[in-house]
Amino acid sequence: MFHVFFIFYDQWMPDFRTFGIIFDGTIAVHIFFVLSGFSLTINYFSKLEAGAIDADVTIRRMAVARYPRLAIPSLAACLMMYAVIKSGYNYYFLIPEELKQEWWRWAYKNSDVSFGETFKFALYSIFLPSPFIPVVPYNGPYLITNLWTMSIEFMGSMLVFIYALSVRNNKRRLLISIAITVGLSASESYFAHFFAGVVLADVFLKTRQIALPKWADLTNIAVITALLASRPGTFYSDVFFCALLVFAVSLGGYSRALFGSVPFRYLGSISFALYLVHMPVIVSVQSYFFLTYRDHFSQAGIISISGLASVIASLIAAHLFSYIDHRSTRLSQQFGRLITGTNPAT
């Protein structure tokens with residue numbers, strides 16, 4: 001929604017921060033990094049608590065599988081963008097110059113991208129440490145601009161795996177994780193969010209059996225609502241803010257029931273696919289609708305028509321693309337088992 005409305009129509013729309021974090025794409029990315037740290041360690045820590053003998057094997061297998069897990073869908077999405085460009089359906093370069101975002105103007109010009117450059121970008125370039133927003137200069141086509149997050153996700157995942165295997169069942173594990181999070185936050189490193197997620201994994205395991213009374217659950221809903229309507233002011237507060245929001249949602253009965261309902265679970269199942277395919281949709285479907293109807297409707301009408309078309313097309317594309325995403329999960333798991341010498345039973 002941030003890209004479809006508040007970036008595409010930046011000159012026409014109010015400041016997205018007016019709405020709290022609901023349409024804040026940057027905060028959404030940071031929350032995702034927190035969730036990554038949480039989801040990559042929660043199973044491992046839980047197995048260590050239970051004394052499982054295969055705990056270390058599990059996380060090593062996850063580490064080995066991480067690159068193909070991210071690279072296979074990224075390549076498929078970049079090939080999708082390559083097809084859009086080569087078939088002449090990239091209409092973004094025809095958008096009036098005053099509406100174009102500087103980064104998108106550079107990335108989605110009607111360039112003659114090659115097949116080899118597409119593979120290099122998807123399988124190599126996006127995983128290298130590089131200057132982030134804006135990513136210019138980059139020597140080559142930047143096929144999907146939001147893939148600037150991929151190197152952070154990959155490197156952050158590796159740091160979390162190494163840390164988890166190093167600290168294991170250390171009695172001071174939670175304190176060590178907090179200290180690392182604070183230190184990384186002070187240096188304004190994106191990896192602080194990953195370690196905030198590691199902290200949450202430990203806290204969640206310690207509090208998961210707590211049943212909140214009704215008044216506390218309602219208070220938690222009020223806290224979540226207040227967080228969604230606000231916005232952190234500094235990088236340091238951003239890390240704390242994202243961690244608090246994720247923890248508040250995971251703690252409460254009502255909030256967990258809401259975000260664990262069928263619609264949200266479905267969105268979760270296609271979320272990575274949606275992240276990958278919505279940019280090809282924006283430069284093709286949304287841009288086409290804008291160019292077609294810009295002389296026939298008011299600004300509000302054009303925003304509504306092209307935005308709705310883009311959202312619907314993105315959801316359909318993500319639903320179809322999720323087959324590739326889910327298949328890549330299975331392939332990466334098989335690769336992890338092959339490299340680590342483990343079988344499905346472990």
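Bear in mind the structure is a predicted one, so any value in this text is a computation, not a measurement. Numbering of residues begins at 1 and proceeds along the displayed sequence.
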(request) Report the relative orientation of the aromatic rings in His319 and Tyr266; use parallel for angles under 30°, tilted for 30 to 60°, perpendicular for over 60°. (result) tilted
(message) Below 30° counts as parallel, above 60° as perpendicular, anything between as tilted: where do the rings of His30 and Phe33 land?
(response) parallel
(message) Quick check: closest heavy atoms across Lys100 and Arg105, and the distance to 0.1 Å?
(response) O-NH2, 3.3 Å
(message) Rounded to the nearest 0.5 Å, what separates atom OH in Tyr275 from atom OG in Ser74?
(response) 6.5 Å
(request) Specify whether Tyr163 and Phe195 have parallel, tilted or perpendicular ring planes, treating 30° as the upper limit for parallel and 60° as the lower limit for perpendicular. (result) perpendicular
(message) Tell me whether the NZ or CZ atom of Arg69 lies within the 45° cone about the ring axis of Phe272 and under 6.0 Å from its centre.
(response) no
(request) Could you label the plane-to-plane angle of the Phe2 and Phe16 rings as parallel, tilted or perpendicular, counting under 30° as parallel and over 60° as perpendicular? (result) perpendicular
(request) Could you please spell out the steps behind the ring-ring contact (aromatic ring centres under 6.0 Å, His included) verdict for Tyr236 and Phe240? (result) CA-CA 7 Å; Tyr236 195 84; Phe240 176 76; 8.7 Å; no
(message) For His326, I'd like to know if atom NE2 has over 12 heavy atoms of other residues, nucleotides or ligands within 6.0 Å.
(response) yes
(request) Check whether the ring centres of Phe121 and Tyr82 lie less than 6.0 Å apart, and answer yes or no. (result) no
(message) Parallel, tilted or perpendicular: which one describes the rings of Phe235 and His193, with boundaries at 30° and 60°?
(response) perpendicular
(request) Classify the ring geometry between Tyr288 and Tyr91 as parallel (under 30°), tilted (30 to 60°) or perpendicular (over 60°). (result) tilted
(request) Can you label the angle between the Tyr293 ring and the His296 ring as parallel, tilted or perpendicular, going by 30° and 60°? (result) perpendicular
